[in-house]
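Chain identifiers are assigned alphabetically (A, B, ...) following the order of the sequence lines, protein sequences preceding nucleic acid strands; residue numbering begins at 1 within each chain. Predicted, not measured: the structure shown is a model, and the values here were computed from it.
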Amino acid sequence: MTEMIATRQAYGDALVEFGEKNKAIVVLDADLSKSTTTAKFGKKYPDRFFNMGIAEANMIGTAAGLATCGKIPFVSSFSIFATGRAWEQIRNTVCYSGVNVRIVATHSGVSVGPDGASHQCIEDLSLMRTIPTMTVIEPCDAVETRKSIMASIDYKGPLYIRLGRAAVPVLTKKEDPFVIGKANILRTGNDIAIIACGALVAHALTAADILQKEGIQASVVNMHTLKPLDNATLLEVAKRTKAVVTAEQHVLDGGLGSAVASILSRNYPLPVEMIGIDNRFGQSGDPDVLFKEYHLLPEDIVIAAKRAIGRKQL
Amino acid sequence: MGNLPQLDVKSLGERAKVIRNHIIRMLAKSGSGHPGSSLSTVDLLVALYYNKLRHNPQMPAWPDRDRFILSKGHACPALYAVLAERGYFEVSKLDTLRQFGSMLQGHPCMKTTPGIEISGGSLGQGLSVGLGIALAARLDKKDYRTYVMLGDGELEEGQIWESAMASSHFKMDNLCAIIDQNDLQIDGPIRDIMSPHPIPDKWNSFGWHTLEIDGHDYPSIMSAYNEAENTKGRPTVIIAKTVKGKGVSFMENQVDWHGKTPSKEEAERAFAELK
């Protein structure tokens with residue numbers, strides 16, 4: 001049985017782990033520290049933890065100020081508030097200034113569950129990707145979350161990491177490589193490439209299993225960094241498979257699918273199918289039920305893969 | 001390091017005239033920018049940069065420097081002129097304001113201009129940054145101070161009050177806000193458009209030590225800066241009553257001069273008044 005851990009839990013643990021040695025790390029939260037799990041850091045290092053109250057715009061600006069003085073601020077809230085409410089502060093004060101603020105937001109996607117649409121952020125990848133110089137990461141599991149936090153500490157420039165509320169299977173191993181901007185090929189097959197991020201990586205692997213039983217060999221790429229996108233790996237896989245499916249827990253506009261399609265259409269046009277949320281808001285419900293409702297399951301990926309293969313030029 | 005000689009009131013006034021001349025010349029040349037809001041800030045900036053800030057223009061990134069943030073970034077012609085006169089960069093650069101490739105962008109850019117602490121121009125965001133810098137000073141046990149200049153129209157932004165609340169909550173006595181209260185915003189008098197008054201009462205109720213001064217009177221300005229530095233346990237706000245367009249008679253208190261630049265003839269009239 002695969003171990004199940006929420007990426008947000010790994011985040012709080014990583015902050016405690018790396019915060020011990022690196023005293024430049026400071027953490028800011030907006031009254032959601034128990035949910036984002038930054039409270040773990042706050043308990044251990046109270047002097048370097050700032051609860052900024054329910055005021056995200058000010059929190060982002062405060063983090064920028066700390067960063068100008070050599071601190072490494074990790075700023076957390078739910079992704080809708082961190083990236084939506086404070087978007088312009090991130091754009092103008094953080095990114096335009098080029099300061100080393102790390103925005104690590106939890107509760108992305110419909111897998112937030114019962115809280116419903118107001119708290120299920122399905123637009124953050126798009127919001128963050130459009131800002132010049134921003135780096136955008138969505139780890140697929142708890143192990144990769146720890147590595148992304150570690151990699152972000154000395155990374156130059158602003159950075160966004162997208163995490164989830166619900167437990168997800170641990171797919172990667174401690175010794176697997178993690179380099180920002182370098183995709184990981186999890187499985188190699190020549191019939192179709194499934195490019196996924198976050199919680200959908202697990203679904204992509206399951207979809208590949210199903211396809212294999214039907215004689216279709218799928219490559220699965222864990223595109224943990226959406227920006228800068230690993231164009232080289234993407235094109236290498238696309239040239240081998242001649243058809244691509246993208247899979248993300250996000251609206252189809254501006255997320256992973258858009259990023260992949262943009263590169264492929266300009267460099268190597270081929271059939272692309274996209275798994276994501278099509279112009280709808282989320283709603284209350286258990287994550288599993290919502291994954292089914294919004295067509296984010298392995299079965300959906302399988303159907304999309306067959307459609308993409310069917311569109312290949314003979 | 002950073003202990004620059006103090007100027008008397010007369011010398012400060014002479015410096016201010018030089019700065020105001022620069023502002024008119026820069027804006028006449030660039031053909032776009034904000035003369036009214038730049039001119040209202042001049043005396044506050046001159047007093048700060050000549051007589052208060054611990055800084056070293058040759059070392060803009062000196063870690064122990066006092067910080068200044070112009071949150072009302074559209075007044076940057078005034079700040080650029082002060083920085084140039086102070087030696088952060090060549091005075092001749094002022095004539096490149098707002099031109100393609102210039103180090104002097106239309107609103108402050110920390111990547112191109114020495115002495116700019118954070119990029120800005122989008123109103124409401126500077127005090128939050130100042131709070132972050134002040135928190136860093138406390139963490140590092142450093143005694144540098146942080147000053148943030150706000151506009152009175154800028155007080156309409158909700159983020160100002162988020163940062164006012166937080167700065168008071170964290171008892172940031174190393175942080176000082178300076179409000180350039182010139183009573184006008186782009187669309188008209190502040191009291192008509194969206195009044196933030198009574199301004200002192202609001203800051204008092206947010207827990208700030210609140211001072212009200214004439215923002216063109218050097219002894220009052222210096223006294224307020226000193227009182228802010230000596231006030232412990234809470235941040236200080238200096239509400240400085242100013243005249244928009246100060247120093248150029250036909251620009252003073254005229255809302256149209258918020259974002260309009262002088263013609264060559266108007267600039268000559270302004271220079272004549274600023275001799």
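Heavy atoms closer than 4.5 Å to chain A are found in the backbone of B/P108, but not in its side chain. Neither the backbone nor the side chain of B/R138 comes within contact range of chain A; no heavy atom of the residue lies under 4.5 Å from a heavy atom of that chain. Looking at A/A57, both its backbone and its side chain come within 4.5 Å of chain B, counting heavy atoms on both sides. Interface remark: A/E56 contributes backbone atoms only to the contact with chain B (heavy atom separation under 4.5 Å).
B/K232 places a side-chain N or O within 3.5 Å of a backbone atom of B/E229 that can act as its donor or acceptor partner.
Each of A/D47, A/L66, A/V99 has some count of heavy-atom pairs under 4.5 Å with chain B, and the biggest count is that of A/L66. Counting heavy-atom pairs under 4.5 Å between each of B/A61, B/P63, B/A136, B/G121 and chain A puts B/A136 at the top. Ranked by heavy-atom pairs shorter than 4.5 Å toward chain A, the options B/R67, B/Q125, B/M110 are led by B/Q125.
A ring pair (Phe, Tyr, Trp, His ring centres under 6.0 Å) with B/H55 holds for exactly one of B/Y88, B/F68, B/W62; it is B/Y88.
Aromatic rings from B/H258 and B/H34 are positioned such that their centres are separated by under 6.0 Å. The distance between the ring centers of B/H169 and A/F50 does not fall below 6.0 angstrom.
A/R162 and A/Y160 are not linked by any side-chain donor-acceptor pair at a separation below 3.5 angstrom, with hydrogens and angles left out of the test.
Ring geometry for B/F206 against B/W161 counts as tilted: the plane angle lies between 30° and 60°, on a 0 to 90° scale.
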